[in-house]
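When reading the values below, keep in mind they use all heavy atoms of this one structure, side chains included, and skip hydrogens, waters and symmetry mates. Numbers restart at 1 for each chain; the letters A, B, ... are given by sequence-line order, proteins then strands.
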Amino acid sequence: MQPSFIKELQTIVGTQYVLIDRESLAVYGYDSTPEIESLPGAVLLPGTTDEVVRIMRLCNEAGITLTPRGSGTNLSGGSLSAGGVVVQTSRLNRLLEIDEENLTATVEPGVITSALHREVEARGLFYPPDPGSMNISTMGGNVAENSGGLRGLKYGVTADYVMGLETVLADGDTLRTGGKVVKDVAGYALNPLLVSSEGTLGFFTGITVKLIPKPQGKITMLAHFPALQDAALAVSAIIAAKVIPATLEFLDKVTIKCVEDYAHVGLPLDVDAVLLIEVDGHPVVIAEEAAAVAEICKKHRCSFFQTAQNPAEALKLTEARRTALSALARLKPTTILEDATVPRSCIAAMLKIIQDAAKKYNVVIGTFGHAGDGNLHPTCLTDERDHDEIKRAHAAFEEIFDAAISMGGTITGEHGVGLAKKKYLPKLVGKSGIKVMRGIKQAFDPKGILNPGKIF
Amino acid sequence: MDYVKLINCMRCGMCLPSCPTYKETFLETASPRGRVALIRKLQEGELDQSERLLEYLSLCLDCQACASACPCGVNAGELVAEFTCERKTDSGLGFMEDLILRKLVPHPDRLETSMVPMRVYQKSGLQTLVRTLGVLKMFPKPLERMEGLLPPLPTRPLRQEIQEVTPAVGTERGTAGFFLGCVMSLIFSDASRATIKLLSSLGYRVITPRNQVCCGAPNMLGGDLEGLKEAAHTNVDIFGGFQVDFIVTDCGGCGAELKKYGHHIEGEAAAAFGSKVRDISQVLALHIEELHAKLKPLQQKVTYHDPCHIAHCQGIRKEPRDLLKLVPGLEYKELEAADACCGSAGTYNITRPEMSDRILQRKLDTVRASGADILVTSNPGCLLQLKKGLADQLPAVKLMHLTEVLALSMSS
């Protein structure tokens, strides 16, 4: 990177917010994605939208690439840059407005997801998306990746809540899409296009999300299943019985053991699977739903059914699920986490395929995830120093992805394509899919400076 | 350093929201995940041991909040401390480090004598004069800070005053060896006096060996592993000479270090010593009902700050709260982010004053929001730091050690 270019960046954001020392660049060379590292040329921490605009213009003119980054908890390598500029959103972290008349919240991209939860819930409102990393993930990152979470089954994902965006485009112009209106059919629907664009179409500087009233009550339940397939069938049966739990999470034996070792919440160690189920809403309705869920679990041979007796107990059970990924990581140094997603009626078949692939390639795979929405997280526990095993792990995942696609599913339900899934995307969307995406990219970013090399 | 400990970090980022310096800076280099990565890259040869790298690592408070947050069991704070220690072992101690860690700290007599001028300074009125005139502005910054942190000293260190054996009140239920921390003895002797009183009134014969030495935590902090081992050997030998059920301390920092003696030095005696160490709150919590019967009402509002060395390093959170809630009339209010570091962190508040002040400010803001009349904590580092902070900004809030509150309730 040219010294004159660095100097211009320093003029825009201030010298202390331009990181170019080797040490800083080294630690911005990773995010939460295993096995992928890539050194940026500079890291910037702008403090205002205007600074973002000026950075973007400068990069576009100089032909230097720009990659937005939140807290770096991305799981597909999407926040990494090869020699370009990384723009961290952390200082753009103001909660601009909570509009109780229109039920919206407007934030800057660096606002932490759980901080927004706290603020809106204090007003009796609710912002449902709750990705596993919500205590540190940023709203900008959530929008760019279209993050899901535990409550996705009933409440949907980030895309279902984004109403308006202010996006700085590659040429430095600002694009405003949507707003506070509930209905809007003027022109192409650009919000959904920008959500999950993984930083390749623009840099979000303002995000308006929809809020809903906070559910009045919640019942948290845990069911133990001696047989894995019974748990999977129970998931499909619950959905088929027209009960839509807020959360319907699955943990297999490997995962249960790890979570219990870490969180000590009294999970059983002698069963094949547990389901964590939460129903929320009006107290009368959830009592009925909880009874229906209990009935179905018992019919599917659950060996034990537990209902949390108080909020503290409920929180402990859900926290255990939230730590599943990291707890698994205790077993081996390297953890490869995937998020292949299938239509939820196929959960049982998908679990079988994961188990068979693990056996065939002789790797340890723990599976947990959002069973209710068909989004499983098969997680391979390995050691990056064992190249042979890593190779086998990738072979196993390739089979899992192929199976997901053949069932009408997808290669990634919520982590994004980024660098990690790039080679599988053509299989899923075909030539025409890639062609359309390239066309869109061309329209937004003709010089290709925004987060290049990601998705396709 | 064991390479596996470094690659165990999966970079999930769960540690980020718990790290005081990350919360202040949002810089990856100032985060636990970043520090582990820096050490790892140094080991892999990708980075050199540059001044800048050491500077980044030295911003770590070693509060170990990251260890509590890490589901993979990585302790970034400890890894940084271990790295510093290994580096110092290679490079040797500096002149001042050698003077303080080897010639002063391990010798209670010398340590106590070194405080005499301070006591004279305070008692003679010189302190008032110096502070009024602002003379300290002429000296290096760290000296001014050290002076500002020091509360009024007791007339004599507790170690010189206390009887070696304090008999149990009533029927004797057991023997507690009391590990008297240096700073507790030199500065917060009232709290340790309260600790002994509580133990004896609950039926413990309390033995406070007069020849015990510093726990070695300052050595660890300064990267002097040999000095730490020496201290451990001495204390294990001394306490081994008495038949005690527990080795009790009312200093969070000492407790955390003493519990690790079994790791630091070999042998059964060290392991046995380590397994007997208890924070005072752990022992008192064994006798909740009995203690409750002895407590009289205190009509005040109290809140509790978790010392890192107690919450993060020893995993003790419930006992101190249970004990405070035991006092009749005392209204307990939970402090927001109670287990966030106060910025004291050994000598951090002297070596890194600017960052320390920012972290302290967050703590003071939460104390103000709690509306408490009394702020309780149980570690001398926190007591020093918070005493100064409260004096500057919240003079109406009283700062007390956990045992002082309980002893006050017992005698009121």
Do you know which of [options] has the most heavy-atom pairs under 4.5 Å to chain B?
| options | result |
| --- | --- |
| A:L45, A:D261, A:D21 | A:D21 |
| A:T335, A:I136, A:L331 | A:I136 |
| A:G29, A:G72, A:G110 | A:G72 |

Taking 4.0 angstrom as the limit, do A:R118 and B:E336 come out as a salt bridge?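 Salt bridge absent between A:R118 and B:E336.
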Mark yes when over 12 heavy atoms from residues, nucleotides or ligands other than [X] sit less than 6.0 Å from its [atom1]; otherwise mark no.
| X | atom1 | answer |
| --- | --- | --- |
| B:Q49 | CD | yes |
| B:K276 | NZ | yes |
| A:K391 | NZ | no |
| A:R94 | CZ | no |
| B:E51 | CD | no |

Could you give the distance from [atom1] ([X]) to [atom2] ([Y]), rounded to the nearest 0.5 Å?
| X | Y | atom1 | atom2 | value |
| --- | --- | --- | --- | --- |
| A:Q16 | B:T25 | CD | OG1 | 11.0 Å |
| A:L75 | B:C12 | CG | SG | 9.5 Å |
| B:R33 | A:Y30 | CZ | OH | 5.0 Å |

Given that the side chain runs from C-beta out, which part of A:N93 has a heavy atom under 4.5 Å from chain B: side chain, backbone, both or neither? side chain
Toward chain B, the part of A:E37 with a non-hydrogen atom under 4.5 Å: side chain
Ignoring hydrogens and geometry, is there a side-chain-to-backbone donor-acceptor pair from [X] to [Y] under 3.5 Å?
| X | Y | answer |
| --- | --- | --- |
| A:R22 | B:E46 | yes |
| A:Q88 | B:L27 | no |
| A:T73 | B:G13 | no |

Any side-chain heavy-atom pair from B:M10 and A:R330 closer than 4.5 angstrom? no
Can you tell if the side chain of A:Y28 reaches within under 4.5 Å of the side chain of B:T29, non-hydrogen atoms only?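 Heavy-atom side-chain distance check fails, nothing below 4.5 Å.
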If you apply the rule side chain to side chain contact (heavy atoms under 4.5 Å, CB included), what do you find for A:S71 with B:F26, and how did you get there? CA-CA 8 Å; A:S71 298; B:F26 296 116; over 6 Å; no
Nearest non-hydrogen partners of [X] and [Y], listed with the distance:
| X | Y | value |
| --- | --- | --- |
| B:A37 | A:V27 | CB-CG1, 4.0 Å |
| A:D31 | B:R11 | O-CB, 3.7 Å |
| B:M14 | A:G132 | CE-O, 3.7 Å |

If you count heavy-atom pairs under 4.5 Å with chain A, which of B:V74, B:I7, B:L38, B:L16 comes out on top?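 Between B:V74, B:I7, B:L38, B:L16, the count favours B:I7.
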Against chain A, label B:C9 side chain, backbone, both or neither, depending on which of its atoms sit under 4.5 Å from a heavy atom there. neither
Would you mind checking which part of B:A30 comes under 4.5 Å of any heavy atom in chain A, side chain (CB onward), backbone (N, CA, C, O), both or neither?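 No part of it gets close to chain A.
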Would you sort out whether B:V4 and A:R385 count as a side chain to side chain contact (heavy atoms under 4.5 Å, CB included), showing the intermediate values? CA-CA 10 Å; B:V4 176; A:R385 296 166 296 182; 3.6 Å; yes
Any side-chain donor paired with an acceptor under 3.5 Å for B:S50 and A:E23? yes
